[in-house]
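Just follow the structure's listing: the first ligand is 1, and inside any ligand the first atom is 1. The residues of the chain are indexed from 1 along the displayed sequence. This structure is a prediction, so every number in the text was calculated from the model and none was measured.
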Amino acid sequence: MSFTVAIDGPAAAGKGTISRAVAAEFGFAHLDTGLLYRAVGAKGGDPVAAARGLTAEDLSRGDLRSLAAGQAASRVAVIPEVRAALTDFQRRFARAEGGAVLDGRDIGTVICPEAEVKLYVTASAEVRAHRRWLEVGGDAAQVLAEVRERDARDMGRAEAPLRPAADAVVIDTSTMGVAEAVQAAISLIRQRLPRN
Ligand code: DC
C-alpha cells in the first residue's frame with residue numbers, strides 16, 4: 001500500500017513534531033524535506049550542482065538545524081533548478097510501500113498533489129519565533145525578524161511558493177497544544193486510511 005501524508009507550513013509551526021508523531025503512530029516513513037534544502041545551502045559552492053549531487057553524508061551534517069542554515073536553505077530554495085533536482089527523490093519517497101509522511105513547503109501543492117491527506121500547519125509569527133527562540137536562544141527580536149524574513153521569501157517566491165493546497169486541512173497551533181494538534185492530525189489520517 002502507498003499512502004502519502006503531505007504536511008506543509010512555515011518555519012517552527014510544529015510540522016516536524018506532528019510528522020514524527022504521525023510516522024510513529026502509523027509506521028510510515030518520514031522525510032523532512034527542509035533538510036534537503038538545508039544540506040544544499042550548507043554545502044556552499046554552486047547550489048544547483050550541490051542539489052544534483054546531494055549525498056547521505058551531506059544530510060547528516062551536525063550544523064543543519066541552525067538559524068543560519070535555515071536562512072541559507074530558504075535562499076537556495078528560490079532557484080527552480082535546485083527544486084527540480086530534488087523533486088524525483090521526494091516523489092519516490094512519497095510512494096514508498098507502507099506509507100510516507102513528508103513535511104515541507106510545497107508537498108501538497110507541487111510534490112504530491114495527489115496525497116491522500118494534506119495538512120497545512122501554521123501559527124502566528126510571534127508564537128513561532130518564541131518557540132524557535134526557546135530552542136536556539138539569542139536575541140528574541142532578531143529571531144522574530146528572521147522568521148518574518150524567511151516567511152516572506154518562502155511565500156513570495158515565484159517557484160512553488162508556500163501556500164495551503166486548496167484541499168488542505170489547516171491546523172493552527174498558535175493556541176493549540178502540541179498533543180492536541182497531533183491528535184487532530186492522527187484522527188484525520190485514520191478517517192482517510194483504506195479499510196483493508
Ligand atoms: O522546514 P525547514 O525550516 O527546515 O526549511 C528550510 C527552508 O527550506 C525553508 O525556509 C524553505 C526551504 N524549503 C522549501 O523551499 N521547500 C520544502 N519542501 C522544504 C523547505
Side-chain angles (χ1 to χ4, degrees), residues 4-23 29-44 47-48 50-51 54 58-94 100-115 117-123 125 127-136 142-165 168 171 173 181:
T4 309
V5 180
I7 304 188
D8 292 305
K15 299 187 301 290
T17 307
I18 295 175
S19 301
R20 284 188 294 275
V22 161
H30 171 219
L31 180 63
D32 167 3
T33 65
L35 213 54
L36 305 175
Y37 293 91
R38 284 171 183 263
V40 170
K43 211 166 170 183
V48 178
L54 210 60
D58 295 331
L59 295 173
S60 57
R61 291 172 61 129
D63 57 355
L64 295 182
R65 296 279 167 205
S66 69
L67 286 182
Q71 288 290 1
S74 171
R75 282 193 288 270
V76 298
V78 305
I79 304 168
E81 292 83 358
V82 165
R83 307 198 70 81
L86 302 174
T87 299
D88 277 357
F89 174 74
Q90 294 175 81
R91 288 197 175 138
R92 265 185 275 116
F93 190 99
V101 48
L102 287 80
D103 73 272
R105 301 291 186 289
D106 63 340
I107 308 304
T109 50
V110 174
I111 300 295
C112 305
E114 310 297 331
V117 177
K118 296 181 191 174
L119 300 177
Y120 188 83
V121 181
T122 189
V127 166
R128 291 184 288 116
H130 183 66
R131 286 184 195 146
R132 216 7 86 80
W133 176 77
L134 289 175
E135 284 169 20
V136 299
Q142 161 105 29
V143 175
L144 176 59
E146 294 213 14
V147 161
R148 290 212 163 107
E149 185 188 335
R150 202 131 75 85
D151 282 358
R153 197 186 295 114
D154 294 348
M155 293 173 185
R157 68 187 177 214
E159 185 84 6
L162 169 64
R163 58 178 174 79
I171 297 181
T173 66

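- The nearest heavy-atom contact from the protein to atom 16 (N) of ligand 1 is Arg83 NH2, 3.0 Å.
- Interface of Arg38 with ligand 1, defined as ligand atoms under 4.0 Å from a residue heavy atom, comprises 2 (P), 3 (O), 4 (O), 6 (C).
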Problem - Arg83 and Val110: CA distance, side-chain angles, deciding distance, side chain to side chain contact (heavy atoms under 4.5 Å, CB included) verdict - result: CA-CA 10 Å; Arg83 307 198 70 81; Val110 174; over 6 Å; no
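- Ranking the protein heavy atoms by distance from atom 19 (C) of ligand 1 puts Thr33 OG1, 3.4 Å first.
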Check your understanding: Checking salt bridge (charged side-chain N to carboxylate O under 4.0 Å, His left out) for the pair Glu149/Arg153: CA distance, chi angles, key distance, verdict?
Key -> CA-CA 6 Å; Glu149 185 188 335; Arg153 197 186 295 114; 3.0 Å; yes
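- Residue contact annotation: Gln71 has no non-hydrogen atom under 4.0 Å from ligand 1.
- Within the 4.0 Å heavy-atom criterion, the part of Arg150 lying near ligand 1 is the side chain and not the backbone.
- Atoms of ligand 1 found under 4.0 Å from any heavy atom of Ala73 (numbered from 1 in listed order, with element): 6 (C), 7 (C), 8 (O).
- Proximity of Arg132 to ligand 1, defined as any heavy-atom pair under 4.0 Å, is not found for any part of the residue.
- A donor-acceptor contact shorter than 3.5 Å links the side chain of Arg91 to the backbone of Ile111.
- Atom CG of Asp58 and atom CG of Leu35 lie 10.5 Å apart (nearest 0.5 Å).
- Between Arg153 and ligand 1 there is no heavy-atom distance shorter than 4.0 Å.
- Within a 6.0 Å radius of CD in Glu114, other residues, nucleotides and ligands contribute 12 heavy atoms or fewer.
- Considering only non-hydrogen protein atoms, atom 8 (O) of ligand 1 sits nearest to Tyr37 CB, 3.5 Å.
- Using a 4.0 Å cut-off between a side-chain N of Lys or Arg and a carboxylate O of Asp or Glu, Arg150 and Glu146 do not qualify as a salt bridge.
- Considering Lys15, Arg38, Arg65, Arg20 as possible partners of Asp32, the one that fulfils the salt bridge (charged side-chain N to carboxylate O under 4.0 Å, His left out) test is Arg65.
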Decide yes or no on side chain to side chain contact (heavy atoms under 4.5 Å, CB included) for Phe89 and Leu54, but give the supporting numbers first. CA-CA 11 Å; Phe89 174 74; Leu54 210 60; over 6 Å; no
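- For ligand 1 and Ala77, the ligand atoms under 4.0 Å from any heavy atom of the residue are 12 (C), 15 (O).
- Of the protein's heavy atoms, Arg105 NH1, 2.8 Å lies nearest to atom 1 (O) of ligand 1.
- Those atoms of ligand 1 with a heavy atom of Arg157 less than 4.0 angstrom away are 14 (C), 15 (O), 16 (N).
- For the pair Arg65 and ligand 1, the shortest N or O to N or O distance does not fall below 3.5 Å.
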Step by step, would you call His30 with Asp103 a side chain to side chain contact (heavy atoms under 4.5 Å, CB included)? CA-CA 8 Å; His30 171 219; Asp103 73 272; 2.6 Å; yes
